[in-house]
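Sequence lines set the chain letters: A, B, ... in the order given, protein chains first and strands last, and positions in each chain run from 1.
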There are 2 protein chains.
Amino acid sequence: MLLDDLNWRYATKKMDPTRTVAEDKVTRILQAAQLAPTSSGLQPFEILVVTNPDLRAQIRAVAWDQAQVTEGSHLLVFAAWDNYTEARIDAVLAQMAAERGGLTETLSAYYTRLKAMYLPRPAEVNYEHAARQAYIAFAMAVAQAAEDKVDVTPMEGFDPAAVDEILGLRARGLRSVTLLPLGYRAAEGDWLQGLAKVRRPLDQLVTRLD
Amino acid sequence: MLLDDLNWRYATKKMDPTRTVAEDKVTRILQAAQLAPTSSGLQPFEILVVTNPDLRAQIRAVAWDQAQVTEGSHLLVFAAWDNYTEARIDAVLAQMAAERGGLTETLSAYYTRLKAMYLPRPAEVNYEHAARQAYIAFAMAVAQAAEDKVDVTPMEGFDPAAVDEILGLRARGLRSVTLLPLGYRAAEGDWLQGLAKVRRPLDQLVTRLD
């Protein structure tokens with residue numbers, strides 16, 4: 001059950017560096033991100049899976065020295081498109097046409113309207129929109145990891161420009177938005193482990209308009 | 001299994017207006033959103049659950065007349081904080097202290113640093129950051145609905161300023177970011193139902209850096 005999984009998970013502060021997440025679990029986490037719904041089906045992001053120790057050490061240095069970056073076995077970097085472009089949208093349209101039995105007039109008209117709306121906008125506006133989509137995928141990855149009892153640390157605390165530089169993302173039209181180290185919680189040394197999960201009560205978070 | 005649920009779901013285009021999602025399922029969907037991880041535990045958003053027919057008709061009119069808004073049984077509106085304020089952050093800190101055995105120096109110092117970072121920033125920057133957190137909760141709601149075989153339509157296609165006006169959100173320091181009608185797919189009349197789910201293949205979405 002998702003609710004049980006979400007109650008089980010926490011932002012792991014200390015991972016056991018001797019344990020490795022099995023590749024089939026990593027793949028399932030990536031598949032959940034892949035299946036996330038996104039605006040107009042654009043999936044305007046990529047995911048980097050970093051196991052390389054040198055790259056992870058460099059990233060840790062620009063991520064407040066958070067140890068999970070190197071002590072987990074895998075580091076996922078969610079990177080949003082820096083802008084919408086005609087080529088990117090056309091590639092989505094082409095795949096959709098190919099997998100749904102051809103390019104219909106409705107489909108073509110939809111993406112023509114979308115390009116007319118998105119392409120004139122400032123890159124920053126489009127990037128912010130793409131980043132939000134990446135967060136949906138990020139959330140699905142967190143949920144899938146919890147189902148597989150893989151520990152993760154959802155992270156925004158890093159210098160995105162520095163991570164982009166380390167991974168050469170800007171040259172690929174990408175900008176890092178979140179990090180997600182994968183691993184297993186250490187038995188000791190995690191100050192957050194065992195502390196109560198604190199959430200605003202539903203009656204404060206939710207308003208009913210009946 | 002989350003992957004099965006994510007494969008089952010789709011952005012339902014036509015809902016059966018005679019069917020109502022049971023309240024216990026609505027509650028579980030809200031609980032999943034409540035359990036979503038957010039930056040520094042701030043949960044910088046609220047969720048409006050709109051069943052009122054008049055309000056939903058008004059929202060449908062500013063949401064490209066998408067029928068799911070009124071033909072589902074519930075409409076969730078995810079609304080992000082328009083800014084971070086001292087009062088909002090202090091309330092989070094107070095709850096955390098209360099539920100984790102008192103206000104420690106570490107906890108206090110953490111949120112003092114956070115306020116020093118967030119409060120001087122332009123409201124728009126803070127709102128964009130809050131909106132991203134709302135998307136994590138939005139994704140968890142989508143996943144929980146799928147587990148309970150409740151159909152949803154994740155929606156960005158609406159005029160946020162108009163929805164804010166209809167629901168009086170700006171006076172409460174909130175800005176609508178996404179809509180999520182809940183309901184059950186109609187047996188007929190949904191052009192998307194049954195079409196292949198199209199996603200970029202993992203080898204295009206993911207880069208391994210070993």
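- Ranked by heavy-atom pairs under 4.5 Å with chain B, the first of A/Leu205, A/Val77, A/Val50 is A/Leu205.
- For a residue to count as touching a neighbouring chain, one of its non-hydrogen atoms must lie under 4.5 Å from one of that chain's; by this rule A/Pro154 touches chain B with the side chain only.
- Within the 4.5 angstrom heavy-atom criterion, atoms from both the backbone and the side chain of A/Leu2 approach chain B.
- Atom CG in A/Leu6 sits 10.5 Å away from atom CD in B/Gln31 (nearest 0.5 Å).
- B/Leu209 contributes atom CG, which lies 11.5 Å from atom CD1 of A/Ile166 (distance to the nearest 0.5 angstrom).
- Heavy-atom pairs under 4.5 Å with chain B peak, among A/Met140, A/His74, A/Arg56, at A/Met140.
- Enclosure of atom CH2 in A/Trp8 by more than 12 non-hydrogen atoms of other residues, nucleotides or ligands within 6.0 angstrom is indicated.
- The minimum heavy-atom distance linking A/Arg100 with B/Val198 is given by the pair NE-CG2, 3.7 Å.
- B/Arg208 and A/Thr51 are not linked by any side-chain donor-acceptor pair at a separation below 3.5 angstrom, with hydrogens and angles left out of the test.
- Around atom CD of B/Glu23, more than 12 heavy atoms belonging to other residues, nucleotides or ligands sit under 6.0 Å away.
- Between the side chains of A/Gln95 and B/Gln204, no donor N or O sits under 3.5 Å from an acceptor N or O.
- Of the atoms belonging to A/Ala11, not a single heavy atom falls under 4.5 Å from chain B.
- For B/Glu147, the part sitting under 4.5 Å from any heavy atom of chain A is the side chain, from C-beta outward, and nothing else.
- There is no contact between A/Met155 and chain B, counting heavy-atom distances below 4.5 Å.
- Taking chain A as the reference chain and counting heavy-atom pairs below 4.5 Å, the highest number among B/Glu156, B/Arg28, B/Gln133 is found for B/Glu156.
- The minimum heavy-atom distance linking B/Ala32 with A/Leu3 is given by the pair N-CD2, 3.5 Å.
- Heavy-atom pairs under 4.5 Å with chain B were tallied for A/Arg9, A/Glu99, A/Arg200; the largest tally goes to A/Arg200.
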Exercise for the section: Could you please spell out the steps behind the side chain to side chain contact (heavy atoms under 4.5 Å, CB included) verdict for B/Asn52 and A/Asp210? Expected result: CA-CA 4 Å; B/Asn52 181 284; A/Asp210 295 317; 5.7 Å; no
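- To the nearest 0.5 Å, atoms CD1 (B/Ile47) and OG1 (A/Thr207) are separated by 9.5 Å.
- Chain B forms more heavy-atom pairs under 4.5 Å with one residue of A/Thr27, A/Leu30, A/Thr106 than with any other, namely A/Leu30.
- At a 4.5 Å heavy-atom cutoff, the contact between A/Leu167 and chain B is made by side-chain atoms alone.
- Checking A/Arg132 against B/Thr178 by side-chain atom types alone, no donor-acceptor pair falls below 3.5 Å.
- Side chain of B/Gln34 to main chain of A/Arg199: no donor-acceptor pair is present (N/O by atom type, distance under 3.5 Å, no hydrogens or angles).
- Proximity to chain B (any heavy atom under 4.5 Å) is restricted, for A/Val26, to the side chain, taken from C-beta onward.
- Only the backbone of B/Leu42 has a heavy atom closer than 4.5 Å to any heavy atom of chain A.
- For chain B, no part of A/Ile29 is nearby; none of its heavy atoms comes within less than 4.5 Å.
- For A/Pro201, the parts lying near chain B are the backbone and the side chain together; criterion is any non-hydrogen pair under 4.5 Å.
- The candidate with the highest count of non-hydrogen atom pairs below 4.5 Å against chain A, out of B/Met1, B/Lys197, B/His129, B/Glu128, is B/Glu128.
- Interface residue A/Phe45: backbone and side-chain heavy atoms are both found under 4.5 Å from chain B.
- The parts of B/Leu35 that come within reach of chain A are both its backbone and its side chain, each placing non-hydrogen atoms under 4.5 angstrom from that chain.
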